[in-house]
Amino acid sequence: MGPLAGTTIVDMTSVLMGPYATQMLGDYGADVIKIESPDGDVTRQIGPARHPGMGPVFLNANRNKRSICLDLKHAAGRAAALRLIAGADVLVYNVRPQAMARLKLGYDDVAPLNPRLIYAGVFGFGQDGPYAAKPAYDDLIQGATALPALNARIGDGTPRYVPNALVDRIVGLTAVGAICASLVHRDRTGKGQRLDIPMFETMASFVMGDHLGGLTYEPPLDRGGYARHLSPDRRPYQTADGYICAMVYNDKQWISFLTAVGRDDLLADDRYTSFARRAVNIDVVYAELARIFLTRTTEEWVALLDVADVPAMRMHDLESMLHDPHLVTTDFFPVVEHPSEGAIRDMRVSATWSDSKVERQRLAPRLGEHGAEVLREAGYGDGEIAALAACGALKLLQES
């Protein structure tokens with residue numbers, strides 16, 4: 001049931017970056033045991049919900065996991081966590097390493113219990129620099145890696161964050177790749193290891209891969225920035241009755257497009273004659289395209305660009321995306337029955353495998369829903385589980 005079937009993940013993450021990564025590992029077949037604090041993952045409280053603690057952000061980042069609620073500041077709760085870690089393949093956490101050390105759950109604490117463990121941390125900053133102990137959030141790292149400054153250059157001069165938890169999701173994706181690579185290394189060598197995935201360095205590479213530009217060279221050739229991305233007219237094109245997203249990119253597409261719209265005159269314009277010339281004159285090119293796209297309706301453009309073999313997509317909003325014909329046909333947003341929340345809209349795993357098929361096993365868990373089940377698998381008896389609950393180290397699901 002998925003390429004990671006048989007792999008056990010102890011998930012000590014919360015909010016979005018870590019849970020997004022561990023959900024993907026669960027989607028790929030791993031058994032993900034999510035250790036939550038007595039208050040639960042804070043994202044349980046975000047957004048409209050049918051029941052307290054089961055908000056949409058949590059539901060959409062914690063599929064294919066089992067929840068156990070432990071107080072890690074309680075000696076018995078920490079001991080239970082160590083028992084789970086001792087039998088795991090991977091531990092993922094997203095607090096600062098200093099916080100894990102204070103809980104006596106740092107790498108040096110747990111590695112002797114499980115030398116094959118992949119101990120993966122997703123947190124703010126690399127541990128060999130002056131920011132090592134600083135806290136970090138998506139907005140902070142967006143700012144520190146120039147995204148608001150880039151938005152200011154193409155807008156009204158006001159720095160703005162990207163309206164998406166971009167950093168959390170990109171670093172989460174990076175963590176999945178790094179964890180899977182570490183599992184391959186462990187299978188070859190028999191040895192686990194500590195793995196750090198810092199937000200700042202990951203996003204610095206992500207952003208500057210596009211925008212380092214002339215700063216790549218020493219001495220610099222320019223002040224950096226990818227001109228096409230920073231053109232003020234790089235945006236969905238307004239049509240006679242709406243908007244369309246189109247990419248007239250290579251030479252073949254330009255010839256086809258200009259012929260289709262009766263603008264053969266531009267084929268002789270030096271600013272349009274090659275990819276290199278269009279790149280140099282990108283603001284002029286985009287402005288001209290904007291004027292051309294105003295001359296037809298969206299539907300007319302969709303039909304024309306399809307015949308001309310020029311890439312184009314209708315611009316969606318959040319609601320219309322749910323009805324996109326491709327996503328409807330592939331059943332990307334299936335409506336499923338959650339055990340406590342009733343009918344909810346889920347999302348398919350986007351990657352597919354020819355042999356190790358992935359299937360949804362569990363929808364997002366209620367707080368502490370699987371605590372007794374997980375501890376029994378770890379060797380605890382019912383009396384021991386009851387004692388953990390009685391002393392406050394374990395919080396079991398309270399049925400309403």
Side-chain angles (χ1 to χ4, degrees), residues 9 11-28 30 32-69 92-95 122 137-142 160-173 175-176 199 315-324 326-328 330-351 358-371 395 397-400:
I9 313 286
D11 177 7
M12 297 180 65
T13 71
S14 61
V15 192
L16 185 57
M17 178 172 59
Y20 181 63
T22 52
Q23 173 174 272
M24 192 166 294
L25 295 169
D27 287 344
Y28 294 174
V32 180
I33 300 169
K34 182 179 177 74
I35 298 179
E36 298 191 64
S37 72
D39 294 328
D41 189 325
V42 69
T43 58
R44 288 181 175 275
Q45 313 304 324
I46 298 175
R50 290 175 177 153
H51 300 98
M54 295 299 284
V57 175
F58 180 83
L59 290 174
N60 290 315
N62 290 279
R63 176 181 60 217
N64 283 327
K65 302 180 186 182
R66 296 189 288 169
S67 171
I68 178 171
C69 187
V92 189
Y93 70 95
N94 68 340
V95 295
V122 279
Y137 286 91
D138 190 291
D139 290 1
L140 275 64
I141 302 300
Q142 283 200 37
R160 287 185 172 85
Y161 300 123
V162 176
N164 174 271
L166 186 75
V167 174
D168 283 345
R169 295 190 182 275
I170 289 168
V171 179
L173 285 168
V176 170
M199 300 167 72
M315 189 187 79
H316 282 310
D317 59 28
L318 299 178
E319 291 178 306
S320 68
M321 194 194 316
L322 300 178
H323 306 291
D324 180 275
H326 180 87
L327 296 178
V328 169
T330 60
D331 195 26
F332 186 79
F333 293 108
V335 174
V336 298
E337 193 70 19
H338 189 283
S340 66
E341 304 313 298
I344 65 170
R345 183 169 280 106
D346 196 22
M347 286 178 276
R348 273 183 46 188
V349 179
S350 57
V358 299
E359 293 182 5
R360 184 195 324 105
Q361 300 299 307
R362 303 173 187 274
L363 295 170
R366 292 169 288 173
L367 181 60
E369 179 177 350
H370 304 98
K395 182 178 180 180
L397 173 67
Q398 301 296 313
E399 298 285 357
S400 58

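Position 1 is the first residue of the sequence, and the numbers go up from there. Bear in mind the structure is a predicted one, so any value in this text is a computation, not a measurement.
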* Taking Lys395 for its side chain and Pro38 for its backbone only, find out whether a donor-acceptor pair lies under 3.5 Å. => yes
* To do: Check salt bridge (charged side-chain N to carboxylate O under 4.0 Å, His left out) between Asp346 and all other residues, then give those that pass, not counting sequence neighbours.
  => Arg63, Arg360
* Around atom CZ of Arg345, are there more than 12 heavy atoms of other residues, nucleotides or ligands at under 6.0 Å? -> no
* To do: Could you tell me whether the side chain of Arg366 reaches within less than 4.5 Å of the side chain of His51, counting heavy atoms only?
  => no
* Asked: Taking side chain as C-beta onward, heavy atoms only, is Leu327 less than 4.5 Å from Phe333?
  -> yes
* **Side chain proximity check, Thr13 to Val92, heavy atoms < 4.5 angstrom** => yes
* To do: Could you check if a side-chain atom of Ile68 sits within less than 4.5 angstrom of a side-chain atom of His370, using non-hydrogen atoms only?
  => no
* Structure fact -> Residue pairs meeting salt bridge (charged side-chain N to carboxylate O under 4.0 Å, His left out), one or both in residues 15-26, sequence neighbours left out, come to none
* **Contacts of type ring-ring contact (aromatic ring centres under 6.0 Å, His included), residue Phe332, not counting sequence neighbours** => none
Show me the side-chain donor-acceptor pairs of residues 54-62 shorter than 3.5 Å, one per line, residues at least two apart or across chains.
| unit_1 | atom_1 | unit_2 | atom_2 | d |
| --- | --- | --- | --- | --- |
| Asn60 | ND2 | Pro56 | O | 3.0 |
| Asn62 | OD1 | Lys34 | NZ | 3.1 |
| Asn62 | OD1 | Lys65 | NZ | 2.9 |
| Asn62 | ND2 | Phe58 | O | 3.0 |

* Asked: Does a side-chain heavy-atom distance below 4.5 Å link Tyr28 with Val349?
  -> yes
* Structure fact -> Across all chains, not counting sequence neighbours, the side-chain hydrogen bond (donor to acceptor under 3.5 Å, both in side chains) partners of Ser320 are His316, Asp317
* To do: Consider only side-chain N and O atoms of Asp41 and Thr43, and report whether a donor and an acceptor are under 3.5 Å apart.
  => yes
* Structure fact -> Closest non-hydrogen contact found for Pro19 with Asn94 is CD-ND2, 4.2 Å
* **Nearest heavy atoms of Asp331 and Arg348, plus distance in Å** => O-CD, 3.2 Å
* **Whether Asp138 side chain and Asp168 backbone form a donor-acceptor pair below 3.5 Å** => yes
* **Residue list, salt bridge (charged side-chain N to carboxylate O under 4.0 Å, His left out) with Arg160, at least two apart or on another chain** => Asp156
